[in-house]
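Structure, as C-alpha cells:
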Amino acid sequence: MKRRGLRWFNAVMFSGALRSFFACSEDEGTPGKADVDIEITDASSDDAYIKSVMVTIAEVKVNGQTLTGFSKQTIDLKAYQEGNTKLLGTTQLDAKSYSNITLVLDGDTDASGNAPGCYVLTQDGGKFKLTNSTSGKMNVVVNQSWKVASGVKNKIVIDFDLRKSIRHSDDPAVRYSFVSESNMSAALRIVARERAGAIKGTYEDQGSVNAEKIIVYAYKRGTFNASTETSAQTSDNIYFKNAVASAEVKQSLTGKTYTLAFLEEGDYELHFVAYSKNAETGRYSMTARLKSETSADGAVGDFVKVRAGATANITANITGII
C-alpha cells in the first residue's frame, strides 16, 4: 500500500509540475503591453527657396497594421529640426520586436480637407504639390527593426530627411516632387529615444573658407566613400545619400554651432562641406569638402563616440579645403 500510494503521489506531483511548467512557458511567451509615443523630426534641406514642407500623415502602421491613437494631421516638417520633434500620437503595442513602420501620406487633401495634402511653400509665396503617386496616397515603408520594452513609456522617433526625400524639377509648373518610393523609404529612419545620443559641436576655421552655407554630415565610422557620396546617386540625384544625419552650421550667440540629434550609439565620422548659392535658382551647390580636426575634451580624433542618452560636445577646427 505504501509503495502504491507513493507512486500515486509522485504521479500527481509530476502532473502538477508539468501543468505549472507549461503555464509559465505560456506566460513568458505572451508579451505584455506598453505605451508607445511615435514622434517625427526632420533634417535640413539644401534649397534656400523652401520656406515650409507640409506633409499630411493619414495613417501610421506597424508591421502592416494600422495603429489606434492617431488622427490625420498636417505637419510643417521644417519646424522640427535639431532635436525638436512632433508627437504623432500614442498607442499601446505588445512588448516585442518589430520590423517596420509605415507612414501613409495623403498628397491630395490636408487634415482640414483642403488641397493639396503634401506641398512645398517657397519664400516667394509659391505652393507646389508634392506627389509621385497617381492615387494621391503614398505608403512610405521604413524597413528597420526596433523594439518595444515592457514596463516603460517607449518613445520612437521617425527621422524624415527632407534632403533625401524631395527632388527639384526644372519644370516650373512642378518645381518639387517626392523621390521614388524606394528612395523615400531609405530617407527615413527609426530611432528609440532611450537608445540614442547626440552630437553638439562648435565650428572654427582659419579664415580660408568663404562659404554661404556649411553642412556637416555624420557617417558611421568607415562607411564614407568620397567619390560615391559627392556624386549624384540614383535617378533622384541624391548627394551624400548614405549619411546617417546632417545639419547646417549656424551662427549663434556663442559662435558657429550645429546639432546632430537622434544618433544610435556608436562611432561616427563628421564630414564638413561648403556650399554656394545660385542667385537665379536659390539652390545651393557644393563647392568644396573641408579638412577638419575634431576634438573632444582637448583630445583630437578621427571619429566621435556617441553613447545612448548622452550628448558628445566637440569642436571642429577647419584647416583648409580638400
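When a residue number appears, it is its place in the shown sequence, counting from 1. Remember, predicted model here, so these are calculated numbers, not experimental data. For the numbers below, each heavy atom of this structure counts, side chains included, while hydrogens, waters and symmetry mates do not.
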Please answer: with hydrophobic residues joined when any side-chain heavy atoms are less than 4.5 Å apart, are [X] and [Y] in the same cluster?
| X | Y | result |
| --- | --- | --- |
| Tyr268 | Phe262 | no |
| Leu67 | Tyr98 | yes |
| Phe70 | Val157 | no |
| Tyr80 | Val53 | yes |
| Met286 | Val249 | no |

Mark yes or no for whether [X], through its side chain, and [Y], through its backbone, hold a donor-acceptor pair below 3.5 Å.
| X | Y | result |
| --- | --- | --- |
| Asn154 | Val152 | yes |
| Gln92 | Val36 | no |
| Glu39 | Thr85 | no |
| Arg283 | His168 | no |
| Ser292 | Thr294 | no |
| Gln144 | Val142 | no |
| Tyr119 | Ala115 | no |
| Gln233 | Tyr239 | no |

If you count heavy atoms of other groups shown closer than 6.0 angstrom to [atom1] of [X], is the number above 12?
| X | atom1 | value |
| --- | --- | --- |
| Asp124 | CG | yes |
| Lys256 | NZ | no |
| Lys78 | NZ | yes |
| Gln65 | CD | no |

Nearest heavy-atom neighbours spanning [X] and [Y]:
| X | Y | result |
| --- | --- | --- |
| Ala186 | Lys241 | CB-NZ, 4.4 Å |
| Asp76 | Ser52 | OD2-OG, 3.1 Å |
| Asp110 | Thr56 | CA-OG1, 3.4 Å |
| Lys291 | Ile321 | CE-O, 3.6 Å |
| Thr74 | Ala111 | OG1-N, 2.9 Å |
| Val306 | Ala198 | CG1-N, 4.0 Å |

Do [X] and [Y] come close enough that some side-chain heavy atom pair is under 4.5 Å?
| X | Y | value |
| --- | --- | --- |
| Lys164 | Leu162 | no |
| Cys118 | Met54 | no |
| Glu248 | Ile214 | no |
| Tyr49 | Val120 | no |
| Met184 | Phe160 | yes |

Ion pair check, [X] and [Y], cut-off under 4.0 Å:
| X | Y | value |
| --- | --- | --- |
| Lys250 | Glu82 | yes |
| Lys72 | Glu59 | no |
| Lys153 | Asp35 | no |
| Asp108 | Lys129 | yes |

In this structure, is the centre-to-centre distance between the rings of Tyr275 and Tyr284 below 6.0 Å? no
Taking Asp267 as the fixed residue, which of Lys220, Arg221, Arg307 is the one that meets the salt bridge (Lys or Arg N to Asp or Glu O under 4.0 Å) rule? Arg221
Could you tell me whether the side chains of [X] and [Y] share a donor-acceptor contact shorter than 3.5 Å?
| X | Y | value |
| --- | --- | --- |
| Arg175 | Thr122 | no |
| Glu181 | Asn139 | no |
| Thr234 | Asn183 | yes |
| Asp37 | Thr90 | yes |
| Asn63 | Ser99 | yes |

For the atom pair [atom1] ([X]) and [atom2] ([Y]), what is the distance rounded to the nearest 0.5 Å?
| X | Y | atom1 | atom2 | value |
| --- | --- | --- | --- | --- |
| Asp94 | Lys33 | CG | NZ | 4.0 Å |
| Lys86 | Leu77 | NZ | CG | 11.0 Å |
| Asn317 | Thr202 | CG | OG1 | 9.0 Å |
| Met138 | Leu130 | CE | CG | 10.0 Å |
| Glu194 | Ile156 | CD | CD1 | 6.0 Å |
| Asn225 | Thr230 | CG | OG1 | 8.0 Å |

Walk me through it: do Phe224 and Leu270 pass the test side-chain contact (heavy atoms from CB on, under 4.5 Å)? CA-CA 9 Å; Phe224 178 76; Leu270 300 185; over 6 Å; no
Evaluate side-chain contact (heavy atoms from CB on, under 4.5 Å) for Tyr219 paired with Val244, printing each intermediate quantity in order. CA-CA 6 Å; Tyr219 284 79; Val244 176; 5.8 Å; no
Given Leu263, Asn313, Ile199, Leu260, the one that forms side chain to side chain contact (heavy atoms under 4.5 Å, CB included) with Val304: Ile199
Residue of the set Val140, Ile40, Asn143 for which side chain to side chain contact (heavy atoms under 4.5 Å, CB included) holds with Leu188: Val140
Qualifying residue for ring pair (Phe, Tyr, Trp, His ring centres under 6.0 Å) with Phe272, from Tyr217, Phe240, Tyr258: Tyr258
Can you list the steps and then say if Thr315 with Glu204 is a side-chain contact (heavy atoms from CB on, under 4.5 Å)? CA-CA 8 Å; Thr315 297; Glu204 300 175 0; 4.1 Å; yes
In sequence, state the C-alpha distance, the side-chain angles, and the governing distance for Thr257 and Lys200, and then conclude on side-chain contact (heavy atoms from CB on, under 4.5 Å). CA-CA 7 Å; Thr257 62; Lys200 286 185 178 293; over 6 Å; no
